[in-house]
Each structure stands twice: as structure tokens, then as C-alpha cells.
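Each remark here refers to the structure printed beneath this line.
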Number of protein chains: 2
Amino acid sequence: MSDQPPKNSRLRDAVRTQAEILDVATREFAERGYAGARVDEIAALTRTTKRMIYYYFGGKEQLYIKVLERAYTGIREAEQAVDVTGLDPAEAIRHLAQLTFDHHTEHADFIRLVSIENIHRAEHLAKSETLAKAGTPVIDLISGILARGREQGVFRDDTDAVDVHMMISSFAVFPVANQHTFGTLFGRDPLDPARRAHYRRMLGDMVVAYLRTGS
Amino acid sequence: MSDQPPKNSRLRDAVRTQAEILDVATREFAERGYAGARVDEIAALTRTTKRMIYYYFGGKEQLYIKVLERAYTGIREAEQAVDVTGLDPAEAIRHLAQLTFDHHTEHADFIRLVSIENIHRAEHLAKSETLAKAGTPVIDLISGILARGREQGVFRDDTDAVDVHMMISSFAVFPVANQHTFGTLFGRDPLDPARRAHYRRMLGDMVVAYLRTGS
DNA sequence: CGGCTAATGTACGAACTGGTTCGTTAGTAG
DNA sequence: CTACTAACGAACCAGTTCGTACATTAGCCG
């Protein structure tokens with residue numbers, strides 16, 4: 001039981017300070033949008049000062065881009081971890097769709113950042129070198145599933161992987177992205193646990209039913 | 001060919017001034033978000049001055065709420081104009097879905113405002129008396145179609161009108177709401193005319209295929 | 001045609017906000 | 001132990017932004 005100082009006992013720790021700024025900034029940008037986010041507010045919620053944001057990131061915009069990059073990295077990693085070996089095509093696409101649904105409904109901040117970025121016509125996304133060249137593993141995965149489905153004659157063949165990904169994403173994103181307007185107008189919280197489970201099944205059924213329909 | 005002064009020759013016209021402010025404000029808010037929109041900019045794009053925005057609307061937030069109300073009124077009216085008499089249930093739901101798709105892809109400003117409003121957790125929507133109590137005609141329409149479909153034994157019965165509306169909306173909203181991030185990441189503009197027609201058909205097929213699947 | 005009021009324009013100010021300047025200190029290499 | 005540098009903090013600044021006070025006038029009503 002020695003009293004060794006824990007790693008973060010260092011008063012000055014570049015890595016930790018940067019990580020803390022990114023964490024707080026992610027919340028702030030997701031919460032208030034790019035224009036609505038306040039650099040001073042981010043600094044205040046950190047153990048450090050505004051000075052360090054400019055020291056490490058250069059400015060509000062560069063910080064926002066880093067936040068975006070980190071958020072997208074999260075979903076890329078989740079996608080790469082998906083394994084559908086041993087599943088028949090219908091089971092495979094359902095599995096992938098429902099994992100996508102789970103990921104989105106569990107990462108509202110990410111969805112909010114994407115919405116915000118679309119309001120800005122993806123101008124920051126375009127500026128990011130990391131994200132521009134990063135591949136999209138999920139497309140390859142879907143391509144493989146679709147190919148198998150067609151070989152076996154169980155899937156239609158007039159829709160490609162990107163289209164199917166869009167179909168899945170649409171239904172996985174909507175309850176999160178439009179939770180509040182939808183909830184207000186229809187008096188029904190789309191993320192209520194029971195409803196969420198129902199939508200999860202709906203999504204799987206929907207994608208499989210669509211793909212099985214003759215073209 | 002008399003030289004009668006046209007109606008808008010009046011230098012002072014309350015109705016016209018208010019309408020012009022609302023038009024410009026809609027564009028500005030949809031373009032830059034609530035926090036990003038500038039009252040001075042809205043005024044500058046109008047034939048009148050900032051003074052009048054405060055005179056007629058009271059402030060930035062009330063103006064934004066009016067903009068929201070007008071945008072929602074547009075889609076309400078479109079929904080009320082939908083007529084599916086004479087169509088069998090599958091045809092009817094496909095028709096409605098594709099009209100929804102058309103409306104959304106043609107009204108990007110509305111979709112952007114909805115995204116923005118969700119970032120703000122629908123707090124302005126909640127403040128609007130007009131919108132809070134306004135009904136949602138489309139739900140009744142869908143209810144009727146679903147009921148007929150079930151009577152005829154062609155539709156599953158574990159999904160209600162609001163759920164089906166959400167399914168339709170998801171796929172109709174996504175290409176517009178996420179046009180830029182999706183386009184950037186997958187190198188494919190989801191609103192490209194050819195693609196748009198393909199997605200329109202996909203949506204119809206998808207909803208019908210889903211509803212026909214046994215529960 | 002006189003006067004009353006809705007409608008309008010100008011100029012300004014207080015608070016906010018992104019970014020910077022200047023100086024300080026913790027940690028470590030030698 | 002010393003000296004050097006990466007890491008840091010406080011105060012400040014210039015430009016912006018929502019909102020308002022004050023002055024003015026178009027258009028209508030009797």
C-alpha cells in the first residue's frame with residue numbers, strides 16, 4: 001500500500017489536458033452547435049484555461065475538427081469489429097443493421113455532431129485530412145453480404161451496398177436525430193426503452209423484407 | 001394600360017414587410033442555425049431595417065419561432081392534400097410515402113430547420129402554441145390505410161401509424177438532412193436526380209415489403 | 001386638409017466572444 | 001543542482017451582436 005502518486009498527479013500533463021479539452025468540447029459542440037458553442041465555456045469546464053485550447057488546437061474551428069475526427073473514429077472502430085461469419089445473408093444484414101441501430105442510439109452526441117456538420121454543409125469534414133481519406137469498412141462488409149445473398153438468389157440485385165447502408169442509417173439515425181421534434185409533435189419518445197426495442201426489430205425486418213423483394 | 005400603382009407601391013405595408021422578413025429569416029436560420037443566424041444580416045437582406053424585426057416580432061427568438069411555425073404549416077397543408085381514395089392499401093401507402101419523399105427532397109430548408117430545432121431539443125417548438133396543438137393529419141391517413149390493409153389480411157399488425165410514419169420519414173429525411181456528410185464520406189450525392197428517383201422507388205418498395213411481412 | 005397613429009429609419013450602447021500578450025512555473029536533461 | 005523548455009494562467013483587446021432610444025413620416029379618417 002505505498003503512496004505512489006497516481007499518474008494524473010502530475011500538475012502538467014499535455015496528453016491529459018488535451019484529452020480533457022476534447023471531452024468537454026465534444027459535449028459542448030454536440031450540445032450547442034458550432035456557432036452556439038463557447039470557447040470560454042469549454043475552458044471553464046476544464047481544469048485548464050482558454051489559453052491551452054489555443055496552445056494545443058489553434059482555435060475554435062480546429063478544435064471542432066478534432067472533435068469530429070474523434071467521433072467518427074468511434075464508429076469506424078465499431079464497424080470494424082462487426083463479425084457476420086457463419087450467418088446466412090439475411091441474418092447477417094439484420095445483425096449489422098441492428099448493431100448500427102444500437103451504436104447510434106447509444107451515441108447521441110455523435111449523431112448530433114453529424115447533424116450540426118450537415119448544417120454547415122460538411123465544410124469542416126472536408127477540411128479534415130484524417131476523415132477525407134479514411135475508408136468506410138461497413139461498405140465492404142455490406143458488399144460481401146449482398147453478393148452472397150444474390151448468389152443464393154435470395155436478395156434483389158438493383159441496390160448496392162451504399163444504398164443499403166443509407167437505408168439502415170436512415171432508420172437508425174432518425175429516432176436520435178429527431179427525438180425532440182418527433183417526440184413533441186407525436187407525444188411519443190422514440191428512444192423510450194420499450195419503443196426502442198420495437199424499432200430495433202422493425203429495422204431488421206424492414207431491411208430483410210426489402211432485400212428479399214424481387215427487383 | 002393605365003399607370004395604376006401596383007399593390008406593393010405603398011412605401012409602408014405592414015403585411016408585406018412582415019412577410020419579407022419571414023422569408024429572409026427562414027433562409028438565414030436554415031442556412032446558419034439559430035445561434036449562427038445574425039439579426040443584422042436578416043435586416044440587411046430585407047428592404048427594411050432591424051428596427052422592424054423588433055417592432056413586429058419582438059426579438060430573434062420569437063422571429064425564429066414564427067419561421068418554424070410557417071415551415072411546419074407548409075407540410076401540414078401538403079399532408080392534408082393527399083388523396084388515396086381508390087387505391088388498395090399497398091398502393092396507398094406507397095403513394096403517401098413517395099409524396100412525403102418528394103416534399104422533403106424539395107424542401108431542404110424545412111428539413112434543415114427541423115435538424116436545427118432538434119439540436120435545441122425542440123425548446124422553441126414547445127413554446128409555440130400554434131404547433132403544440134396542431135394535429136397531424138398524416139397519422140389519421142396512415143391509420144386508415146393500415147386498418148384497411150389488416151382487414152384484407154395483407155398487412156402485418158404489430159406496427160401502428162406513428163411507427164410507419166417514422167419509417168417513411170426516416171428514409172425521406174435522411175438524403176436531405178445528411179446530404180453533405182454522406183456525400184463527402186461516400187463520394188455520392190444522395191440528391192443527384194438519378195439517384196433520387198432510385199431512392200424514391202426504394203422507399204416505396206421498402207415500406208410495402210415491410211408491411212407485407214408477417215409479424 | 002389637418003391631425004393622429006401605425007410604420008419606419010438612424011444611431012448608439014452594453015454585453016459578449018474569439019483570440020492574444022505577457023509573464024510564470026513544473027518537470028527534467030545533463 | 002542548475003538551467004532550459006514545455007506547459008500553463010491572468011488579464012486584456014478588438015470586433016461583433018442583440019437590442020433600444022429617439023426622431024421622423026406615410027397614409028388614413030373625419
Side-chain angles (χ1 to χ4, degrees), chain A residues 3-29 31-68 116 119-120 123-124 127, chain B residues 4-29 31-68 116 120 123-124 127:
Chain A
D3 235 6
Q4 277 195 346
K7 270 211 175 123
N8 58 358
S9 76
R10 286 189 60 184
L11 276 80
R12 307 190 159 195
D13 185 331
V15 193
R16 203 220 51 192
T17 301
Q18 290 178 53
E20 194 180 346
I21 291 173
L22 276 177
D23 284 342
V24 173
T26 300
R27 266 176 268 138
E28 176 78 1
F29 281 121
E31 194 70 20
R32 308 192 201 271
Y34 178 73
R38 298 287 167 248
V39 178
D40 283 300
E41 179 67 11
I42 295 172
L45 293 172
T46 301
R47 259 174 295 183
T48 185
T49 63
K50 183 166 58 157
R51 173 72 179 72
M52 301 316 292
I53 293 175
Y54 288 87
Y55 183 66
Y56 285 123
F57 298 94
K60 185 181 184 180
E61 184 176 11
Q62 290 106 305
L63 173 61
Y64 173 72
I65 291 176
K66 286 283 178 215
V67 164
L68 260 191
I116 290 161
I119 295 299
H120 295 282
E123 54 168 308
H124 309 102
K127 282 182 191 164
Chain B
Q4 276 194 346
K7 273 211 175 123
N8 58 358
S9 76
R10 289 189 57 186
L11 276 78
R12 306 191 159 193
D13 185 332
V15 193
R16 204 220 49 198
T17 301
Q18 290 178 51
E20 193 178 346
I21 291 173
L22 276 178
D23 284 341
V24 173
T26 299
R27 266 176 267 137
E28 176 78 3
F29 281 121
E31 193 70 20
R32 308 190 202 273
Y34 178 74
R38 298 287 167 250
V39 177
D40 283 298
E41 178 68 11
I42 295 172
L45 293 172
T46 302
R47 260 174 296 183
T48 184
T49 64
K50 183 168 57 161
R51 175 69 180 75
M52 301 317 292
I53 293 175
Y54 287 88
Y55 184 66
Y56 284 122
F57 298 95
K60 185 181 183 179
E61 184 175 10
Q62 290 106 306
L63 173 60
Y64 173 72
I65 291 176
K66 286 284 178 217
V67 164
L68 259 191
I116 291 162
H120 296 282
E123 53 168 308
H124 309 101
K127 283 182 191 167

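Residue numbers start from 1 in every chain, and the chains themselves are labelled A, B, ... in the order their sequence lines are given, proteins ahead of strands. Side chains included, hydrogens not; waters and symmetry mates left out as well; all remaining heavy atoms used. All values derive from a computational prediction rather than experimental measurement.
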A:Tyr64 atom OH is separated from C:dG18 atom P, nearest whole Å, by 15 Å
Which whole-number value in Å describes the distance from A:Tyr34 OH to C:dT17 P?
-> 14 Å
Could you give the CZ-to-P distance, from A:Arg12 to D:dC4, as a whole number of Å?
-> 17 Å
Whole angstrom value for the distance that separates P of D:dC28 from CG of B:Asp13 | 10 Å
Find the distance A:Gln62:CD to C:dG18:C1' and express it as a whole number of Å.
-> 12 Å
Rounded to the Å, how far apart are B:Lys60 NZ and D:dT17 P?
-> 9 Å
Taking the side chain from A:Arg38 and the backbone from A:Ala35, do they hold a donor-acceptor pair closer than 3.5 Å?
-> yes
Using atom CZ of B:Arg16 as one end and atom C1' of C:dT8 as the other, report the distance to the nearest whole Å.
-> 12 Å
Return the residues of residues 49-58 of chain A meeting this criterion: a heavy atom under 4.0 Å from some atom of DNA chain C. Order them by number, or give none.
-> A:Lys50, A:Arg51, A:Tyr54
Are there more than 12 heavy atoms of other residues, nucleotides or ligands under 6.0 Å from atom NZ of B:Lys60?
-> yes
Can you label the angle between the A:His120 ring and the A:Tyr34 ring as parallel, tilted or perpendicular, going by 30° and 60°?
-> perpendicular
Take B:Glu123 and B:Lys127 through the test side chain to side chain contact (heavy atoms under 4.5 Å, CB included) and record every step on the way to the result.
-> CA-CA 7 Å; B:Glu123 53 168 308; B:Lys127 283 182 191 167; 4.3 Å; yes
Shortest non-hydrogen separation from A:Ile119 to B:Gly33 and the atoms involved = CG2-N, 4.3 Å
Contact class for A:Ala43 vs. all strands (heavy atom < 4.0 Å): base, sugar-phosphate, or nothing?
-> nothing
Are B:Phe29 and B:Leu68 side-chain neighbours, meaning at least one heavy-atom pair lies under 4.5 Å?
-> no
Calculate the interatomic distance between A:Arg32 atom CZ and C:dT17 atom P; express it in whole Å.
-> 10 Å
Under 4.0 angstrom, heavy atoms only, what part of the nucleic acid is B:Ala35 near: base, sugar-phosphate, or nothing?
-> nothing
Find the bend of the helix from C:dC1-D:dG30 to C:dG30-D:dC1 as the angle between its two terminal axes (five pairs each), to the nearest 10°.
-> 10°
Among the nucleotides C:dT25, D:dT17, C:dG18, whichever has the atom closest to the side chain of B:Arg38 is D:dT17
Which atom names give the shortest non-hydrogen contact between A:Val24 and A:Ile42, and what distance separates them?
-> CG1-O, 3.6 Å
Derivation of the side chain to side chain contact (heavy atoms under 4.5 Å, CB included) call for A:Leu22 and A:Phe57 | CA-CA 10 Å; A:Leu22 276 177; A:Phe57 298 94; 3.8 Å; yes
Which of these nucleotides, C:dT8, D:dT17, C:dG19, is closest to any side-chain atom of B:Asp40?
-> D:dT17
Could you go step by step and tell me if A:Thr48 and A:Glu20 meet the side chain to side chain contact (heavy atoms under 4.5 Å, CB included) rule?
-> CA-CA 9 Å; A:Thr48 185; A:Glu20 194 180 346; 6.0 Å; no
Between A:Thr17 and D:dC8, does any side-chain N or O lie under 4.0 Å from OP1 or OP2?
-> yes
Quick one: is A:Thr48 getting a side-chain N or O under 4.0 Å of the D:dG9 phosphate, OP1 or OP2?
-> yes
